[in-house]
Structures are given as structure tokens and as C-alpha cells.
Amino acid sequence: MLDRKYVVANADAVKENCQNRNVPQAVDQLLELESQRRDLLKQVEELNRDANAVSKTIGQAKTDEEREERKARGRELREQKEVAQKQHDEVDAQIREIELQLPNMAHPDAPVGVDDKANLELGQGKHAPREFDFSPLDHVEIGQQWDWLDFEGGARTSGAGFYFLKGDLVLLDLAIQQYAVNELVRRGFLPMTTPDLARDSILEGIGFMPRGPETQVYSVENSNLCLIGTAEITLGGLYSGETFDAEQLPLKLCGISHCFRTEAGAAGRASRGLYRVHQFTKIEMFIFCLPDQSDALHEELRQIECDLFDAIEVPYRIVDTATGDLGGPAYRKYDLEAWMPGRGEAGEWGEVTSTSNCTDYQARRLNVRYKQKDVKGTHFVHTLNGTAFALSRALISILENHQNADGSVNVPEVLRPYLQGREKLGGP
RNA sequence: GGAGAUGUGGCUGAGUGGUCGAAAGCGCCGGUUUGCUAAAUCGGUGAUGGAGUCAAAUCCAUCCGCAGGUUCGAAUCCUGUCGUCUCCGCCA
């Protein structure tokens with residue numbers, strides 16, 4: 001959510017931003033309603049003030065008659081106040097509806113364009129896509145070869161889009177998690193496991209729609225809980241309503257959670273194997289910080305993601321997401337797309353991480369503030385998030401990039417300590 | 001799942017219908033005193049929205065988990081909700 005005063009004072013910039021992001025807006029209507037609201041608020045306050053003044057004199061009334069007279073006057077004023085208050089609240093609710101539709105402002109350097117075609121490649125990782133001297137398999141084929149993946153079993157027990165990992169692939173999965181968490185702890189992140197369910201209100205604060213036809217998440221019947229689509233939801237919600245001391249920031253968190261996605265409307269899209277599934281494990285980075293720290297921290301998150309994928313020796317490219325493809329809360333977003341040799345005709349890039357600077361957009365909705373010593377008042381923090389590893393896609397990138405002609409898979413060196421030193425999985 | 005208790009400012013904690021945004025203590029900030037530190041002592045010390053000002057001062061409204069209700073008036077009474085605690089049951 002944007003600051004209301006900011007929207008009023010910068011209506012043209014907000015409108016332009018919406019246009020760049022390809023989001024419909026009702027800023028003019030908001031301006032009109034807000035001016036109405038201000039008038040109503042003044043009325044309410046005035047009536048309240050008068051009523052309070054009358055109430056205070058009632059205790060001092062000398063006669064019953066006088067007392068009753070004043071009570072009647074007070075009642076009358078309160079009734080008038082109630083009427084004005086109700087009108088105010090209605091207008092306020094309408095404004096809020098509009099506000100909730102407004103996306104965050106975009107970073108001035110973010111590429112402008114209505115969809116992902118305008119995304120800008122910023123560079124590539126240390127490792128170039130490999131030249132294979134054999135015909136590479138995709139991860140589903142590799143997995144089937146060694147009985148590492150069971151999609152049929154997943155479908156039988158839970159439905160299409162679910163899967164079992166088996167055997168060495170589980171060990172690889174755990175190795176990646178351990179490597180990532182250790183690496184993040186080394187870089188000052190506090191590791192956390194989080195709930196896999198969260199309240200609707202937290203989802204809304206982060207910028208998800210908890211229910212309804214457009215929703216990307218599963219909701220639990222007869223409750224106000226949803227299965228989380230990412231630990232961003234729980235880590236971001238963790239301090240909702242809280243006020244940090246400025247010295248506590250930046251607070252860097254590393255969440256380990258399961259992620260659940262309905263992938264409604266995604267049927268038919270490139271989604272073979274582990275690429276688009278209903279459940280996966282993710283190691284997520286999340287930061288609460290001061291406003292003047294967020295730009296640099298965003299670069300830091302991007303660098304960590306690059307370092308992690310360089311470390312597992314997977315080729316990738318960095319994408320600066322175009323305004324039209326940003327999603328509501330993001331001020332700027334970088335994606336890492338890993339090379340997936342088994343995808344498409346002769347390999348394709350596939351998104352494996354994403355890091356967003358959400359500035360104060362989520363903080364305002366969730367009411368997360370900070371206070372500086374000796375400075376009056378509080379301000380909203382900035383929040384950032386970034387994927388360390390989404391395990392399903394990280395597994396794809398490792399299996400497909402590190403496969404050998406005999407079907408075995410080389411273990412990236414950094415992961416070997418977590419696999420009893422094994423250099424390869426599968427194979428004769 | 002059943003029964004009960006409870007939720008006040010950074011913290012502890014008083015307040016059970018009328019100048020209560022809220023006593024007191026602690027903490028914190030500033031002053032005084034003391035050779036330094038400690039101690040003592042005095043003063044100050046919440047948030048949000050609005051008016052006001054160059055900026056302040058100042059003024060108004062709202063806030064005692066949250067949302068409603070009763071009342072001229074609610075931290076105080078009522079209802080719901082969320083959280084916490086205790087006991088019982090169940091259980092990894």
C-alpha cells in the first residue's frame with residue numbers, strides 16, 4: 001500500500017506508475033473521495049469536541065432539570081456525530097479499496113514495459129551453459145533412471161503436481177538446504193523454520209490474495225488460515241504491528257519452509273516434472289531494514305543468489321524485471337534464470353530465484369515500524385525478500401547441468417561435505 | 001476437545017462509569033550536587049490523524065489486545081474475537 005498523502009501529493013506520478021505496470025487505477029476517484037473524507041472528519045471531530053464539552057458539565061449540574069437538559073443535548077450531538085462518522089467510515093472504506101489496488105512505485109532504473117518481454121538481462125553467472133557431447137536428458141528422465149522421483153505416487157496420494165523424492169535425490173535435497181543455511185548464517189542471517197500456515201490477514205499484508213478465484217494459495221476450510229506460498233509470508237508477518245528500534249535493523253532472516261501453490265490457471269504451461277509443482281521446500285531470505293538501506297541490501301541479496309548458483313556450478317542469467325511484470329508490492333525485482341538443458345528443444349532458461357525490494361509497501365499494510373532514539377514518531381521499515389534455493393527448481397538445475405553420459409550426476413564440490421564426500425550420484 | 005483466569009505506556013504495575021492518556025516504581029533523556037564513578041536530588045519522557053508555525057510553542061480528535069454494543073459520558077459494564085496462562089482429556 002502506498003502512503004495516502006503521497007498519492008494525493010503525487011497523483012500524476014502514481015498514475016504514470018500504474019500505466020507502466022499495466023495496472024488499472026482510480027486515482028482521480030481517490031482524490032475526490034479523500035477530499036470528502038477530510039471534510040467529514042472535520043465534522044466528526046467538531047461534533048465530538050462539542051459532545052465531550054457537554055458531557056463534562058453534566059456532573060456539575062446543580063439541578064435534575066439542568067442535568068436532564070444537558071444529557072439531551074449531549075445525546076443529540078452524539079447522534080449527529082454517529083451519522084457523520086458512518087459517512088466518513090464508508091468513504092474511508094472506498095478509498096482503501098482503491099488503495100489496495102495500487103501497486104508500489106517502481107525503481108527509476110527498472111526497465112519500463114508492460115510485460116516480461118521488456119525484462120532486461122543484466123549479466124550471466126560464472127559458468128556458461130555446457131556443450132554436451134551426448135544428448136542430455138531432462139531431470140524427469142534422470143530421476144526415473146535411478147528411481148529418484150515418483151510423480152505417479154504423488155498423483156495417487158495427493159494429485160497431479162505432487163511428487164515423492166526418493167533415495168539419493170533426497171540426500172541431495174537436504175545437502176542443498178544445509179549448504180544454503182550454513183552459507184546464509186555465515187553471512188549474518190538468522191535461520192528460522194516457520195509455520196507452513198498463516199492467517200488470511202497476514203497473506204493480505206504481504207500482498208497475496210488469500211481466497212477467491214484469483215488466489216494462488218490453498219486455504220483451509222472452516223478457518224482463517226492458508227498454506228503459505230512462501231516463507232516471505234510468515235517471515236514478513238512475524239513482526240506485524242511491531243516497532244523496531246532503529247539499531248536492531250537491518251534484521252536478516254533465513255526461513256526454511258514448505259511452499260504450497262495452487263498454480264491455478266497455469267495448466268498447460270511448460271510444467272513438466274519438478275518445474276511447476278504444488279509443493280516444494282524453499283530456503284528464503286527476508287530483511288527488515290531502514291529506508292536508506294534497502295537499495296544496497298537488494299543488491300546484496302542478488303549477489304548472494306548469484307554466489308549460491310555460482311557455487312553449485314549452474315549457469316544462469318540475471319534479469320531486471322520490467323515494470324509490467326513486477327507484481328504489486330515490488331519496487332524492483334531481480335530474477336535468476338538457470339540454464340536447464342533438458343527444457344524445450346535444446347535447453348531453456350528457467351526462473352530459479354527472485355529477489356524483491358518492497359520498500360515500505362508491505363510494512364505499511366502489516367504495520368511494521370521503527371523508532372529512532374531521540375527522534376519523535378515512528379516510520380515504516382522497508383522489507384526485502386529473496387530466494388536462496390527453491391529446492392524443486394534447484395534440483396532440476398543440478399540434475400540437468402551436472403549429468404554425465406552414463407546418466408550419473410556429478411555433485412558440485414560445495415555440496416560434497418553434506419553427502420559424505422560423494423562426487424557423483426547414480427551411475428554404475 | 002472440556003473448565004477457568006487474564007490482556008493497561010519501553011518494562012513492572014495501580015486504576016471497576018465522569019477533567020484518566022492514565023498513579024507509582026523501574027528504565028531512558030536532561031539539569032543540580034559530588035574529585036571521578038556510584039549514590040542522591042529536580043525536571044522531562046507514548047502513538048496516530050488533523051489545525052497551527054519558517055521552525056517551535058500550542059490546540060483538537062482518536063488510542064488501555066482487536067472489533068462491536070450499552071451510556072450524555074467507558075480502561076472501567078456487555079458481546080464477539082485474538083493472544084497468554086492454569087487445570088483436565090488426548091497425543092508426536
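By convention in this document, chain letters (A, B, ...) are assigned in the order of the sequence lines, proteins followed by strands, and residues within each chain are numbered from 1. Here the structure is a predicted model, which means the values were calculated and not measured.
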Hey, would you say the A:F189 and A:F286 ring centroids sit under 6.0 Å apart?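 Ring centroids of A:F189 and A:F286 are no less than 6.0 Å from each other.
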A:H139 ring center near A:Y275 ring center (under 6.0 Å):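 They do not qualify: ring centres at least 6.0 Å apart.
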So which nucleotide does [N] pair with, by the Watson-Crick or G-U wobble rule with both distances under 3.5 Å?
N: B:G25; value: B:C11
N: B:A3; value: B:U86
N: B:G30; value: B:C42
N: B:A61; value: B:U48
N: B:C20; value: none
N: B:G73; value: none
N: B:A56; value: none

With a 3.5 Å cut-off and no angle check, do the side chains of [X] and [Y] form a donor-acceptor pair?
X: A:R187; Y: A:N182; value: no
X: A:D325; Y: A:T321; value: no
X: A:K282; Y: A:T230; value: yes
X: A:T281; Y: A:D173; value: no
X: A:Q43; Y: A:D39; value: no
X: A:Y334; Y: A:H298; value: no

Taking the [atom1] atom of each, how far is [N] from [M], in whole Å?
N: B:A14; M: B:U70; atom1: C1'; answer: 26 Å
N: B:A22; M: B:U62; atom1: C1'; answer: 15 Å
N: B:G9; M: B:C20; atom1: C1'; answer: 13 Å
N: B:U19; M: B:A61; atom1: P; answer: 14 Å
N: B:C36; M: B:C26; atom1: C1'; answer: 26 Å
N: B:U45; M: B:A24; atom1: P; answer: 12 Å
N: B:U86; M: B:C29; atom1: P; answer: 36 Å

Using the side-chain contact (heavy atoms from CB on, under 4.5 Å) definition, which of the options A:Q101, A:Q362, A:R365 pairs with A:M1?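 Checked A:Q101, A:Q362, A:R365 against A:M1; only one passes side-chain contact (heavy atoms from CB on, under 4.5 Å): A:R365.
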Measure the distance from [atom1] on [X] to [atom2] on [N] and round it to the nearest whole Å.
X: A:Y370; N: B:A47; atom1: OH; atom2: C1'; result: 16 Å
X: A:R369; N: B:G46; atom1: CZ; atom2: P; result: 16 Å
X: A:E242; N: B:A47; atom1: CD; atom2: P; result: 16 Å
X: A:E76; N: B:G73; atom1: CD; atom2: C1'; result: 16 Å
X: A:F244; N: B:G10; atom1: CZ; atom2: P; result: 15 Å
X: A:H88; N: B:U48; atom1: NE2; atom2: C1'; result: 13 Å
X: A:R75; N: B:U70; atom1: CZ; atom2: C1'; result: 13 Å
X: A:E68; N: B:U71; atom1: CD; atom2: C1'; result: 13 Å

Please tabulate the protein-to-nucleotide N/O contacts below 3.5 Å involving nucleotides 28-30 of chain B, giving atom names and distances.
none

Could I get the full list of side chain to side chain donor-acceptor pair (under 3.5 Å) partners for A:E32, not counting sequence neighbours?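 A:Q36.
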Do A:N17 and A:Q25 make a side-chain contact, defined as non-hydrogen atoms from C-beta onward lying under 4.5 Å apart?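 With C-beta onward as the side chain, the pair stays apart.
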If you assign A:H379 and A:R70 each to the RNA chain B nucleotide with the nearest heavy atom, which residue ends up on the more 5' nucleotide?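 Nearest-nucleotide comparison on RNA chain B picks A:H379.
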Aromatic plane relationship, A:F288 with A:Y239 - under 30° parallel, 30 to 60° tilted, over 60° perpendicular: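 It falls in the perpendicular class, over 60°.
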A:F309 vs A:Y316 aromatic rings, parallel, tilted or perpendicular, using cut-offs 30° and 60°?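 Aromatic pair A:F309/A:Y316 classed perpendicular.
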Between the protein and nucleotides 79-84 of chain B, which nitrogen or oxygen pairs come in under 3.5 angstrom?
{"residue": "B:C82", "atom": "O3'", "partner": "A:R199", "partner atom": "NH2", "Å": "2.9"}
{"residue": "B:G83", "atom": "OP1", "partner": "A:R199", "partner atom": "NH2", "Å": "2.8"}

Output yes when a side-chain donor or acceptor of A:R70 lies under 3.5 Å from a complementary backbone atom of A:T57, and no otherwise.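 A pair under 3.5 Å: yes.
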Quick one, give me the B/S/- string for nucleotides 49-67 of chain B, reading 5' to 3', where B means a protein heavy atom under 4.0 Å from the base and S means that only happens at the primed atoms, P, OP1 or OP2. BSS--------SSS-----
Checking all strands, does A:G377 fall into the base, sugar-phosphate, or nothing category for heavy-atom contacts under 4.0 angstrom?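 Counting heavy atoms under 4.0 Å across all strands, the contact made by A:G377 is with sugar-phosphate only.
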Is the phosphate of B:A47 approached by A:T243 (side-chain N or O, under 4.0 Å from OP1 or OP2)?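 No, no such contact exists.
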Could I get the full list of ring-ring contact (aromatic ring centres under 6.0 Å, His included) partners for A:Y179, not counting sequence neighbours?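 By the ring-ring contact (aromatic ring centres under 6.0 Å, His included) rule, A:Y179 matches no residue at all.
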Which protein N or O atoms sit under 3.5 Å from an N or O of nucleotides 18-21 of chain B?
{"residue": "B:G18", "atom": "N2", "partner": "A:S55", "partner atom": "O", "Å": "3.1"}

Short N-O contact, A:E46 and A:K42, less than 4.0 angstrom: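 So A:E46 does not pair with A:K42 through a salt bridge.
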